[in-house]
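Side chains are part of it too, since the values below use all heavy atoms of this structure and drop only hydrogens, waters and symmetry mates.
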Amino acid sequence: MPDFQSALAASSNIAASCASGSPLQFILKVASRCNLNCSYCYVYNKGDNTWQSRPSIMPAAVFTAAVGRIRRSCQSSGQTVAQIVFHGGEPCLAGAARLKAWCREMRDGLRGVADPHFAIQTNGTLIDEEWIAVFREEGIRIGVSMDGPAAIHDAFRVDHRGRGSHAAVEEGLRALLDAGLSPEVLSVIPLNGDGLRTYEYFRSLGIRRINFLLPDYTHDTKRSAVADPRATPVADFLMPIVEKWCRQDWEETEIPLFRQIAELVLGGPSRWDQFGNGPMGIVCVEADGAIEGLDVLRVCGDGMAAAGLSVLCDDFERIAAASELHGRAIFEGISVPSDCTGCPERDTCGGGYLPHRFSKERGFDNPSIWCADILQLFGKMRELLSVSVAETASRQAFLRLKQLSNREGDASSP
């Protein structure tokens, strides 16, 4: 384990030294419809109906307005790299030619201010040679949503006739890999699924970046999926993978969830909105131009993601004044839940992912619904890295001092 620990410690040091600025990431919901109907989808199947009133594809005028707002945001903040994520719905419904033209428009619109870095999150069913050519020509990073082998994937990710999508997704993934591209798989953890089998399936395909996501429920809805309050299905799924990844695969397979936990245990800052309670730094633009903060807040209630703003008439920075919730979540971070006081992972976990903290009774002042699972994961990582809670606190203090010293040194430079 020493090589793994050294590499993670180095990355935590680098992260701490670079954490003084928190640039915004811009998620463009270029399609508000989807060719699949995944049962757990927070856009369509969690009770929020705002998608119904939006155009199916983002109009050209809205995209142009979004480019202008992104330019103004980068100018005012000094941000020189703009992370642009094409999202949906299913963004490939917009068509390859249109997305290519949008990339060119974004580059032209940000020229001299910021360099756009493009990514797309797709269900993978529409990928063909034309899309592969656009991904390559425009340098678009690709995330494909896939939950595992057919038996797992097709239990949730179905089309509008209830038919499984696994075969089409795997075909799209293989086409990307055969073309020499390196797609990331985004996998929602299947409760009661076989974690090691799922992980080995992805590796057998040649996937080398796997992003596991904790399922999106709140304190009011978790019981519909997990009847036993003592159960830890997320930890049960992930624990065998953690062990294998840390001991054997960490150099050749990237799992952002595990790397973030490891960096936090080693005293580094949070660089992911699942943990750490830092500012999320994400703004979404819907197909009609509506500006939203964290779109997954749809799982908390109808309209919860809305901020009442639009790129047609508002800058992104106005969200802080328009919505206290979204402003704090994006630019500051929401307070750690009061029940987390005294928890050994309070300053690493930070209460967990914001939507998973929600209840109608107490708002976001709750620990994550996956609190017990998260504690098991942090405990396993501490065991594998041989890092105690006290040592994490010492490392955090050291890195804060180092960061402060670096800032003071930069300020005193001529």
Side-chain angles (χ1 to χ4, degrees), residues 25-66 83-103 106 118-128 130-131 134-135 140-147 153 156-165 168-169 172-173 183-188 211 213 215-216 282-299 302-307 310-312 355:
Q25 180 182 89
F26 306 95
I27 298 179
L28 304 183
K29 302 291 192 116
V30 295
S32 65
R33 303 293 188 273
C34 188
N35 60 328
L36 296 185
N37 186 32
C38 304
S39 60
Y40 53 61
C41 182
Y42 65 80
V43 176
Y44 307 109
N45 292 321
K46 292 288 187 177
D48 183 286
N49 297 311
T50 50
W51 63 273
Q52 295 176 355
S53 62
R54 291 184 165 129
S56 57
I57 303 297
M58 181 178 284
V62 171
F63 187 85
T64 298
Q83 300 288 346
I84 311 294
V85 182
F86 297 112
H87 209 284
E90 172 47 50
C92 288
L93 290 173
R98 187 185 339 230
L99 198 83
K100 181 176 181 177
W102 278 340
C103 289
M106 185 69 71
F118 297 112
I120 189 169
Q121 186 59 45
T122 171
N123 63 36
T125 60
L126 302 177
I127 292 171
D128 57 17
E130 184 181 11
W131 272 111
V134 171
F135 295 152
I140 300 173
R141 292 182 295 109
I142 310 142
V144 176
S145 299
M146 189 184 208
D147 290 345
H153 179 96
F156 306 99
R157 301 189 62 78
V158 298
D159 66 15
H160 290 274
R161 293 186 179 181
R163 300 171 299 188
S165 61
V169 178
L173 264 178
E184 171 186 10
V185 159
L186 194 71
S187 177
V188 176
N211 208 348
L213 297 183
D216 290 322
I282 297 170
V283 289
C284 297
V285 179
E286 291 290 337
D288 60 355
I291 297 172
E292 295 185 348
L294 186 64
D295 59 338
V296 192
L297 291 179
R298 284 176 168 77
V299 304
D302 191 18
M304 185 74 79
S310 170
V311 292
L312 296 173

How long is the gap from [atom1] on [X] to [atom2] on [Y], to the nearest 0.5 Å?
X: Met146; Y: Glu184; atom1: CE; atom2: CD; answer: 14.5 Å
X: Ser187; Y: Asn211; atom1: OG; atom2: CG; answer: 9.0 Å
X: Tyr44; Y: Leu36; atom1: OH; atom2: CG; answer: 10.0 Å
X: Gln83; Y: Ile282; atom1: CD; atom2: CD1; answer: 11.0 Å
X: Ile84; Y: Leu28; atom1: CD1; atom2: CG; answer: 6.0 Å
X: Asp295; Y: Met304; atom1: CG; atom2: CE; answer: 13.5 Å

Tell me if a side-chain donor or acceptor on [X] pairs with a main-chain N or O of [Y] at a distance below 3.5 Å.
X: His87; Y: Lys29; result: no
X: Asp147; Y: Val188; result: yes
X: Asp302; Y: Asn49; result: yes

Open item on the list: Counting only heavy atoms not in Arg141 (residues, nucleotides, ligands), do more than 12 fall under 6.0 Å from its CZ?
Closed with: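 Not buried by this count: 12 neighbours or fewer within 6.0 Å.
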
Heavy-atom side-chain contact between [X] and [Y] under 4.5 Å:
X: Pro355; Y: Leu294; value: yes
X: Arg298; Y: Thr50; value: yes
X: Asn123; Y: Ser165; value: no
X: Asp159; Y: Asn35; value: no
X: Ser145; Y: Gln121; value: yes
X: Leu93; Y: Ser56; value: no
X: Glu90; Y: Thr125; value: no
X: Trp51; Y: Glu286; value: no

For [X] against [Y], the heavy-atom pair lying closest together:
X: Cys103; Y: Ile140; answer: SG-CD1, 3.9 Å
X: Asn45; Y: Ser39; answer: CB-O, 3.5 Å
X: Trp131; Y: Ile120; answer: CZ3-CD1, 4.4 Å
X: Cys34; Y: His160; answer: O-NE2, 2.9 Å
X: Cys92; Y: Thr122; answer: SG-OG1, 3.6 Å
X: Lys46; Y: Asp216; answer: NZ-O, 3.0 Å

Task: Aromatic plane relationship, Phe156 with Tyr40 - under 30° parallel, 30 to 60° tilted, over 60° perpendicular - done: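 Tilted, since the angle between the ring planes falls between 30° and 60°.
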
Open item on the list: As a quick check of understanding, evaluate side-chain contact (heavy atoms from CB on, under 4.5 Å) for His153 and Val169, giving each step before the final call.
Closed with: CA-CA 10 Å; His153 179 96; Val169 178; 3.9 Å; yes

Task: side-chain contact (heavy atoms from CB on, under 4.5 Å) evaluation trace for Val43 with Asp48 - done: CA-CA 7 Å; Val43 176; Asp48 183 286; over 6 Å; no

